[in-house]
Amino acid sequence: MTLGFAEIALPVPMRGHFDYLLPEGMVPCIGARVLVPFGRRKLVGIVMRCKSASDMPTDKLRAVETLLDEEAVLSQLFLDWLNWASQYYQHPLGDILFTALPVNLRKGLTQDALQKAWQLTDKGQQCDPQDLKRAAKQQALLIALKPGPQLHQTLSEHYSAAIFRALEEKDLIEAANLAVAAKLDWPEHISLAEQPRPNLEQSLAISAIAHQNETFRCFLLEGVTGSGKTEVYLQAIEPLLRQGKQVLILVPEIGLTPQTVRRFQLRFGLDVGILHSGLTDNERMQVWRQARSGELGIVIGTRSAIFTPMKSPGMIIVDEEHDGSYKQQDGWRYHARDMAVVRARLENIPLLLGSATPSLESLNNALTGKYQHLLLRQRAGQAKPVQHKLLDLKGQQLEFGLTRGMRQRIQAHLQQGNQVMLFINRRGYAPALICHQCGFVEECHSCDRSYTLHRSLNKLQCHHCSDAKPIPHACAQCGASPMQPVGMGTEQLEQGIASLFPGYQAARIDSDSARGKQKLHQLLEDINQGKHQLLIGTQILAKGHHFPNVSLVVILDVDGALFSADYRAAEKLAQLITQVAGRAGRAHIQGELWLQTHHPSHPLLQDLLNNGYQHFARLALKERRFAALPPFSYQALFRAESNHAAQAHDFLLQVRQLLSPGPEMAAIGPIPALMEKRQGRYRMQLLLQSQQRTGIQQQLNRLMGQIEKLPLANKVRWSLDMDPQDFT
DNA sequence: AGCACGCCGACT
DNA sequence: GTCGGCGTGCTC
């Protein structure tokens with residue numbers, strides 16, 4: 001029986017595979033890439049299966065043009081894993097397969113590691129070395145190359161560039177590319193740097209992991225900031241590395257700092273593969289290849305690093321597992337943490353999730369015993385816990401968002417030579433510009449949201465699309481002037497702070513001031529050098545950077561999150577507060593965290609402050625259970641957007657009508673998205689919610705084909721978001 | 001997603 | 001007269 005047909009997955013947004021004829025003698029392996037004709041173009045595809053017959057009439061089939069790989073680029077395990085993902089996320093397999101590959105491989109480039117080498121030309125082969133006896137070096141090189149090509153890197157130790165050039169000009173040698181064998185001897189070269197003695201809790205965690213590091217097991221390492229989670233990672237992976245097993249570490253986008261990488265490098269004296277958005281395609285390809293061939297013991301990367309193959313996987317670690325950057329927010333909306341769980345199960349290796357503020361999903365899994373729960377409650381190095389306090393804003397006179405008492409407190413901390421961090425979740429100068437005469441607000445016509453005033457750019461900027469315009473001198477509606485800023489952003493606070501605390505230097509850290517990686521690092525460096533005493537910033541301040549000289553942290557306004565339409569807002573606020581608090585203080589400075597609010601008696605704030613995140617999260621879980629919200633139910637969100645609001649609405653209505661109603665699955669919508677209009681398009685949502693995952697899954701399996709065939713399906717831009725995190 | 005085909009408006 | 005706008009349809 002000959003296998004003359006192949007199922008090929010292609011990078012097109014269509015579900016189902018494509019059958020092709022295999023030319024005589026072409027025997028591709030599963031997971032290899034091929035070049036196929038598709039319509040009027042040529043595409044790179046992945047061989048999913050070879051078979052002896054096709055459902056398609058043979059005369060409709062076209063033939064595979066080229067086999068691009070001898071060896072599969074996706075292992076059977078990866079194919080199984082990504083097939084699962086295609087089912088779970090209801091996303092076309094081809095698209096998933098290609099997102100999981102480095103760009104070079106998507107483009108059909110070779111997967112081989114080729115290094116520059118030299119070989120003899122035909123003329124060189126025939127040339128008698130005696131002819132070169134007047135040029136000893138050239139003669140030696142010619143003789144060295146007689147047995148076969150050699151790497152340039154090796155040769156260049158003995159021969160200078162002039163020698164190569166001379167022989168090349170005589171047409172005796174030519175450049176070549178040579179595949180190199182992987183160097184797998186790194187486990188023998190581990191040189192362990194001196195490591196701190198773990199405290200009791202760390203020891204317990206390390207040994208718990210060590211006892212089950214041979215098979216699949218999920219651990220949730222819940223450790224307060226500064227409790228030494230990284231030390232647990234380091235000591236937990238050591239025995240695995242010594243056995244030659246590799247470790248993949250995921251970190252949030254902002255958390256991948258040179259310091260993090262250096263810590264792993266220095267501890268084991270090994271090369272660490274790094275994957276982040278700043279790399280070139282070739283650099284990514286290199287890490288991918290080295291990880292797959294087993295040359296790298298440790299790979300650290302952001303979200304998409306979860307697709308790094310490993311020859312001998314030993315463990316996957318997801319640091320700050322609650323972080324929102326693990327969820328892809330367009331195209332295939334996968335969650336890297338969830339993908340990690342399934343991968344670890346298939347690879348049969350342990351998965352270690354770490355966080356000071358675990359997501360309610362992971363916490364629930366830990367509390368129900370699905371994950372093993374490891375707790376670190378002590379801050380390592382005797383750092384005192386930060387005191388949390390509430391400040392009632394009601395009836396208070398504010399100057400730049402600060403009460404008189406708070407201004408005095410800030411002054412006191414500055415006078416003691418400490419740093420103060422002010423946290424405000426709005427960048428720019430002011431979130432709106434309003435006419436004092438008629439109340440007119442400048443709004444972006446694409447998004448129906450007020451423009452943010454940026455004094456430093458001298459512009460009005462829409463934070464929801466890229467639109468910007470000059471600051472108007474007068475009201476566009478009634479002509480009165482000038483327009484007035486309302487509300488406060490980081491820019492205004494920075495300016496105000498300078499006038500309130502003359503003599504102290506303020507640093508503003510937000511995505512405007514920290515544009516470009518170098519800039520952020522420079523700012524952080526300056527801060528820890530003490531060049532600035534007042535730190536003003538947004539979310540960025542809360543992530544990954546430690547400020548030991550900060551003794552006072554003020555979150556200017558927490559009320560927005562307390563009354564949000566997004567049920568996750570409270571959880572996110574609690575995570576933010578806890579993370580910010582963890583950035584401050586050290587052994588002999590008592591850190592203080594102040595939350596300014598109009599609702600000091602709000603139960604969420606009270607619980608968080610009196611009992612900490614751990615308690616808050618457990619309470620929040622109870623509320624979620626009561627309200628049948630995730631993780632006690634499962635959600636899928638259809639999003640649709642269109643230039644015509646009615647089309648997006650009608651499409652989702654038709655989707656809803658296709659669903660069979662039942663008690664096991666609720667459908668909410670179509671309703672406008674939290675941001676109803678964005679970049680000129682109207683956005684609607686349809687939320688599916690079920691107590692059982694299978695409830696949603698089965699219906700979607702049945703319906704996605706029909707949904708795609710709806711006439712409106714090609715008129716509106718729509719997508720499905722499994723386990724949505726964000727309802728904007 | 002691309003890419004072509006196709007049918008209506010303002011320009012050399 | 002054409003260049004080009006993007007609606008529609010198809011790709012094993």
Side-chain angles (χ1 to χ4, degrees), chain A residues 2-24 26-69 74 79 82-83 85-86 89-109 281 304 328-334 446 638-648 650-651 654 679-682 704-721:
Chain A
T2 52
L3 300 174
F5 303 87
E7 287 178 7
I8 311 289
L10 295 172
V12 286
M14 287 179 271
R15 50 202 68 244
H17 51 255
F18 297 87
D19 282 2
Y20 280 85
L21 295 166
L22 283 171
E24 200 62 35
M26 186 186 286
V27 188
C29 53
I30 307 304
R33 291 170 305 155
V34 288
L35 199 63
V36 295
F38 187 71
R40 263 150 279 247
R41 54 208 170 119
K42 299 230 185 307
L43 290 181
V44 177
I46 308 280
V47 179
M48 299 306 293
R49 204 158 84 90
C50 293
K51 53 189 183 180
S52 55
S54 167
D55 297 337
M56 290 279 286
T58 312
D59 59 320
K60 284 223 169 189
L61 294 184
R62 300 170 79 180
V64 172
E65 195 168 282
T66 324
L67 178 59
L68 294 171
D69 296 306
L74 291 164
L79 290 175
L82 297 170
N83 250 311
S86 174
Y89 288 99
Q90 297 288 332
H91 194 87
L93 178 63
D95 204 37
I96 288 180
L97 258 28
F98 278 81
T99 9
L101 285 176
V103 174
N104 282 6
L105 296 185
R106 293 181 214 171
K107 291 199 287 204
L109 301 180
D281 293 344
S304 62
Q328 173 83 33
Q329 285 298 9
D330 53 69
W332 169 32
R333 293 169 171 259
Y334 66 93
S446 301
F638 278 98
R639 303 163 188 271
E641 55 180 70
S642 164
N643 294 323
H644 317 283
Q647 282 196 338
D650 292 350
F651 170 71
Q654 288 166 17
Q679 294 179 29
R681 310 174 74 88
Y682 294 90
M704 285 304 271
Q706 296 179 52
I707 291 169
E708 278 168 351
K709 288 197 188 79
L710 288 173
L712 277 173
N714 332 317
K715 299 216 180 206
V716 305
R717 197 197 279 230
W718 68 279
S719 64
L720 176 65
D721 189 354

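Values reported hereafter were calculated over all heavy atoms of this structure, with side chains retained and with hydrogens, waters and symmetry mates removed. Order of the sequence lines sets the chain letters (A, B, ...), proteins ahead of strands, with each chain counted from 1.
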Asker: In terms of heavy-atom contacts, does NZ of A:K715 have more than 12 from other residues, nucleotides or ligands at under 6.0 Å?
Answerer: no
Asker: Nearest to the side chain of A:P13 - C:dC12, B:dA1, C:dT8?
Answerer: B:dA1
Asker: Apply side chain to side chain contact (heavy atoms under 4.5 Å, CB included) to residues A:D281 and A:L109 and explain how you reach the verdict.
Answerer: CA-CA 11 Å; A:D281 293 344; A:L109 301 180; over 6 Å; no
Asker: Grab the CG-C1' distance between A:N643 and C:dG7 for me, whole Å please.
Answerer: 13 Å
Asker: Show me the protein contacts with nucleotides 2-4 of chain B, counting only N or O atoms at under 3.5 Å.
Answerer:
unit_1 : atom_1 : unit_2 : atom_2 : d
B:dG2  : O4'    : A:R41  : NH1    : 3.4

Asker: So does A:Y89 have more than 12 non-hydrogen atoms from other groups sitting under 6.0 Å from OH?
Answerer: yes
Asker: Return the value, rounded to whole Å, for the distance between atom CZ of A:F38 and atom P of C:dC12.
Answerer: 6 Å
Asker: Within the 4.0 Å heavy-atom criterion, would you say A:Y20 contacts the bases, only the backbone, or no part of the nucleic acid?
Answerer: sugar-phosphate
Asker: For A:R106, which residues count as a side-chain contact (heavy atoms from CB on, under 4.5 Å) partner, sequence neighbours excluded?
Answerer: A:F98, A:L101, A:V103
Asker: Would you mind reading off the distance between A:K709 atom NZ and C:dT8 atom C1', rounded to a whole angstrom?
Answerer: 18 Å
Asker: Begin with the C-alpha distance, continue with both residues' side-chain angles, and end with the deciding distance and a verdict on salt bridge (charged side-chain N to carboxylate O under 4.0 Å, His left out) for A:K51 and A:D19.
Answerer: CA-CA 10 Å; A:K51 53 189 183 180; A:D19 282 2; 3.0 Å; yes
Asker: Measure the distance from CG on A:L10 to P on C:dC12 and round it to the nearest whole Å.
Answerer: 9 Å
Asker: Check the distance between C:dC12's P and A:L43's CG and give it to me in whole angstrom.
Answerer: 9 Å
Asker: Can you tell me the distance, in whole Å, between the CD1 atom of A:I46 and the C1' atom of C:dC12?
Answerer: 16 Å
Asker: Quick one: A:Q647 CD to C:dT8 P, roughly how many Å, whole number?
Answerer: 9 Å
Asker: Once you round it to whole Å, what is the distance between C1' of C:dG7 and CG of A:L712?
Answerer: 14 Å
Asker: Taking all heavy atoms of A:M704 and all of A:L720, pick out the closest pair and write down the distance.
Answerer: CE-CD2, 4.0 Å
